[in-house]
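Following: one structure in structure tokens, then a few remarks.
Only this structure's heavy atoms are used, side chains among them; waters, hydrogens and symmetry mates stay out. Numbered from 1 within each chain, the chains take letters A, B, ... in sequence-line order.
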Amino acid sequence: MKESLMEIVCCPMDKHDLELDADERDDGEIISGTLTCTDCGESYPIEDGIPNLLPPDMRDGA
Amino acid sequence: MPDDPAHAGHTYDRIAAHFSETREYPWPEIESFLDGRSGAVGLDLGCGNGRHAEVLAAHADRVVAVDASTGLLAEAAERAAEHGFETDLVAGDAAAIPLGAGTVDLAVYVATLHHLRPRARRIGSLNELARVLAPGGRALVSAWSTVHDRFADEGTDGSGLDTEVDWTLPGGETVGRFYHVYDPAEFEADLKASELALLEWELSSGNCYAVVGPSE
């Protein structure tokens, strides 16, 4: 994902801002990392360059 | 079939590659909605393999494409790379849109609403769309309708019908997908019950289509 997407995305549950913790970057894109809600503290993974902002109970394996 | 909000996303994960192969071209109704419209941020909610995100990319500076199926998002990523269009892919639920209020100028929400259940969740999803639309923003919402030839013999009491439609994989395995097939009057009523402003609606090719804006 592009870092500029941070201006648009939010926590799906309470709509508060997210904080980005990038593990791997490539050519300006974030390939893997974590997005954490600044209010409720829920964390959302970024995998293969795609942020997974599904509610936690809808994620794979949930 | 479990009554699980994740069902549609997980179902599409199982059929993503084959489904995507059969969904090559955008629908003409989406192209005519976008004709003459543009905005800074476009949203394709329930983007599937990205065929409409691709069209939207010509009408918005940036297109965010959201789907509950990570399998379909992988198909959309492949399509974007092959066809050379830019889109920001996000895994998300149409009933809990992970975008800030008023961030979207132009949206398409095509053939997705009918996978949500129950009705409260469908209305909640329409309210979420109203929340993310910027003032003056516009969206096209479509859903399968009981006027489709496929349901010609089904009786409906005006409240639509809940059904399961099988997807047959190349190997013969079938995967059931939940649909709430809308009675046209019910589609209009649900939009009016939501926080969206209903601007116009029509029936076309067995689907209900509505042009909507945020509540003023």
Side-chain angles (χ1 to χ4, degrees), chain A, chain B residues 2 4-14 16 40-43 47 50 60-78 80-81 86-105 107 116 121 124-125 127-128 131-132 134:
Chain A
M1 68 169 255
K2 295 182 189 73
E3 189 154 353
S4 59
L5 191 62
M6 293 302 295
E7 296 162 17
I8 301 174
V9 293
C10 68
C11 175
M13 309 307 286
D14 60 23
K15 317 302 180 188
H16 281 89
D17 288 344
L18 298 165
E19 192 173 280
L20 170 67
D21 180 13
D23 292 333
E24 186 188 350
R25 291 174 188 263
D26 181 35
D27 197 22
E29 300 245 351
I30 297 134
I31 304 302
S32 67
T34 306
L35 295 166
T36 304
C37 179
T38 53
D39 194 66
C40 71
E42 182 65 48
S43 64
Y44 302 91
I46 303 166
E47 293 164 337
D48 300 324
I50 299 177
N52 188 336
L53 291 169
L54 282 165
D57 66 356
M58 283 181 68
R59 278 183 213 148
D60 291 340
Chain B
D4 166 6
H7 190 69
H10 288 168
T11 300
Y12 277 106
D13 285 343
R14 294 178 60 194
V41 175
L43 166 65
C47 67
D61 301 334
R62 146 173 248 162
V63 173
V64 182
V66 175
D67 204 283
S69 163
T70 50
L72 282 175
L73 289 169
E75 296 290 332
E78 200 171 302
E86 292 262 334
T87 183
D88 294 286
L89 301 170
V90 175
D93 176 17
I97 304 174
L99 305 179
T103 53
V104 174
D105 302 296
L116 305 184
R121 200 154 171 270
S125 174
N127 290 341
E128 277 287 86
R131 181 183 63 80
V132 302

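For B:Gly92 against A:Leu54, the heavy-atom pair with the smallest separation is C-CD2, 3.4 Å.
Chain A forms the most heavy-atom pairs under 4.5 Å with one residue out of B:Gly100, B:Ala101, B:Ala74, B:Ala96, and that residue is B:Ala96. Chosen from A:Leu18, A:Ile46, A:Asp48, A:Ile50, the residue pairing most often with chain B at heavy-atom distances under 4.5 Å is A:Ile50.
Using a 3.5 Å distance cut-off with no hydrogens or angles, the side chains of B:Thr87 and B:Arg62 do not pair a donor with an acceptor. Side chains of B:Asp13 and B:Ser69: a donor on one and an acceptor on the other come within 3.5 Å.
Interface residue B:Leu89: backbone and side-chain heavy atoms are both found under 4.5 Å from chain A. Of the two parts of B:Val41, only the side chain, counted from C-beta on, holds a non-hydrogen atom closer than 4.5 Å to a non-hydrogen atom of chain A. Neither the backbone nor the side chain of B:Val66 comes within contact range of chain A; no heavy atoms are under 4.5 Å apart.
In this structure, B:Glu86 places its CD atom where only 12 or fewer heavy-atom neighbours from other residues, nucleotides or ligands lie under 6.0 Å away. Under a cut-off of 6.0 angstrom, the local environment of CD in A:Glu29 is crowded, with over 12 non-hydrogen atoms contributed by other residues, nucleotides or ligands.
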